[in-house]
Colleague: 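Got a structure for you, written out below as structure tokens; questions coming shortly.
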Amino acid sequence: MLLCIPLGMTETLSPLFYLLYTLIGISDILDGWLARRWHCTTPFGAQLDGAADLIAFGVIGWKIWPILHFPAWLWGLLVCIVCIRIGNMLCTYLRKSTNIFQHTFLNRLTGLLLFISIYVIETALFQGLAAGIAILALLAALQEGYSS
């Protein structure tokens, strides 16, 4: 979470941006892995991990938003995904009185592809990759809603 502050202040897609972005990604992978390996997972830690993911996603999204040039259908799909995820969170909270960020296989795969996509954002691959990730994210959101 702390690395999101300097990331928010760097120039988008600069070497420093990529460095901080990479460190955020590595720390996100390592924190959960280390907690499980050392048998020190807690419900609070899981919630904190989910909150850190949301903060990082928000800062990164805010930084790259101005350079994204998606077709209208893709923007519409992204809005649908956000609405489904918010609905999932609300339903989970109402049923279980807690926020549960599920780490399903599809959510993890979507996250990995989102992470990698930043490295190809200035290439011709990005538009196709973004569309594929959006479809996968929709499936992950639907799966999350079904299983919550």
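Quantities reported herein were computed from a predicted structural model and do not represent experimental measurements. Computed over heavy atoms, backbone and side chain alike; hydrogens, waters and symmetry mates excluded.
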Colleague: Which pair of non-hydrogen atoms, one from Glu11 and one from Phe17, has the smallest distance, and what is that distance?
Modeller: O-CB, 3.4 Å

Colleague: For Ala56 and Ile24, which heavy atoms make the closest approach, and how far apart are they?
Modeller: CB-CG2, 4.1 Å

Colleague: Does Leu68 share a hydrophobic cluster with Leu138, counting links as ILVMFWY side-chain heavy atoms below 4.5 Å and allowing steps through other members?
Modeller: yes

Colleague: Apply side-chain hydrogen bond (donor to acceptor under 3.5 Å, both in side chains) to Thr10 and list each qualifying residue two or more places apart in sequence or on a separate chain.
Modeller: none

Colleague: Closest approach of Gly145 and Asn88, non-hydrogen atoms and distance?
Modeller: CA-OD1, 3.1 Å

Colleague: Does Leu139 share a hydrophobic cluster with Val79, counting links as ILVMFWY side-chain heavy atoms below 4.5 Å and allowing steps through other members?
Modeller: no

Colleague: Taking the six-membered ring for Trp, are Phe70 and Trp75 parallel (under 30°), tilted (30 to 60°) or perpendicular (over 60°)?
Modeller: tilted

Colleague: Identify the two heavy atoms, one from Ala140 and one from Arg85, that lie closest to each other, and give their separation to 0.1 Å.
Modeller: CB-NH2, 3.6 Å

Colleague: Which distance, rounded to the nearest 0.5 Å, do you find between the OG1 of Thr104 and the CG of Leu109?
Modeller: 9.5 Å

Colleague: Might you point out which heavy atoms bring Ser117 and Phe126 nearest each other, and give the distance in Å?
Modeller: O-CD1, 3.6 Å

Colleague: Count the heavy atoms belonging to other residues, nucleotides or ligands that lie under 6.0 Å from CD1 of Ile67, then report whether that count exceeds 12.
Modeller: yes

Colleague: Do Met1 and Leu48 make a side-chain contact, defined as non-hydrogen atoms from C-beta onward lying under 4.5 Å apart?
Modeller: yes

Colleague: Using modelled atom types only, decide if a donor and an acceptor are shared between the side chain of Tyr21 and the backbone of Phe115 within a distance under 3.5 Å.
Modeller: yes

Colleague: For Asp28 and Asp53, indicate whether the former's side chain and the latter's backbone hold a donor-acceptor pair under 3.5 Å.
Modeller: no

Colleague: Atom SG of Cys83 and atom CG of Leu78: how far apart are they, to the nearest 0.5 Å?
Modeller: 11.0 Å

Colleague: Sub-3.5 Å donor-acceptor pair from the side chain of Gln127 to the main-chain atoms of His69, do we have one?
Modeller: yes

Colleague: By the rule that ILVMFWY residues connect when side-chain heavy atoms come within less than 4.5 angstrom, directly or transitively, which residues belong alongside Trp62?
Modeller: none

Colleague: Among residues at least two apart in sequence or on other chains, which ones pass side-chain hydrogen bond (donor to acceptor under 3.5 Å, both in side chains) with Tyr119?
Modeller: Thr22

Colleague: Tell me whether Leu19 is reachable from Leu2 by hopping between hydrophobic residues (I, L, V, M, F, W, Y) whose side-chain heavy atoms are closer than 4.5 Å.
Modeller: no

Colleague: At their closest point, which heavy atom of Cys4 faces which heavy atom of Ile55, and how far apart are they?
Modeller: SG-CG2, 4.0 Å

Colleague: According to a 4.5 Å side-chain heavy-atom criterion applied to Ile, Leu, Val, Met, Phe, Trp and Tyr, with indirect links allowed, do Met9 and Leu7 form part of one hydrophobic cluster?
Modeller: no

Colleague: Is there a side-chain contact between Leu77 and Ile135 (heavy atoms, below 4.5 Å)?
Modeller: yes

Colleague: State whether the side chain of Thr12 and the backbone N or O of Ile64 hold a donor-acceptor pair below 3.5 Å, judged by distance alone.
Modeller: no

Colleague: Atom CD1 of Ile116 and atom CG of Leu113: how far apart are they, to the nearest 0.5 Å?
Modeller: 6.0 Å

Colleague: Can you tell me how far CG of Leu136 sits from CD of Gln143, rounded to the nearest 0.5 angstrom?
Modeller: 9.5 Å

Colleague: To the nearest 0.5 Å, what is the distance between CG (Leu34) and CZ (Arg37)?
Modeller: 8.5 Å

Colleague: At what distance, to the nearest 0.5 angstrom, does CZ of Arg95 lie from CG of Leu90?
Modeller: 11.0 Å

Colleague: Is there a path of hydrophobic side-chain contacts, each under 4.5 Å between heavy atoms of I, L, V, M, F, W or Y residues, that connects Leu16 with Leu3?
Modeller: yes

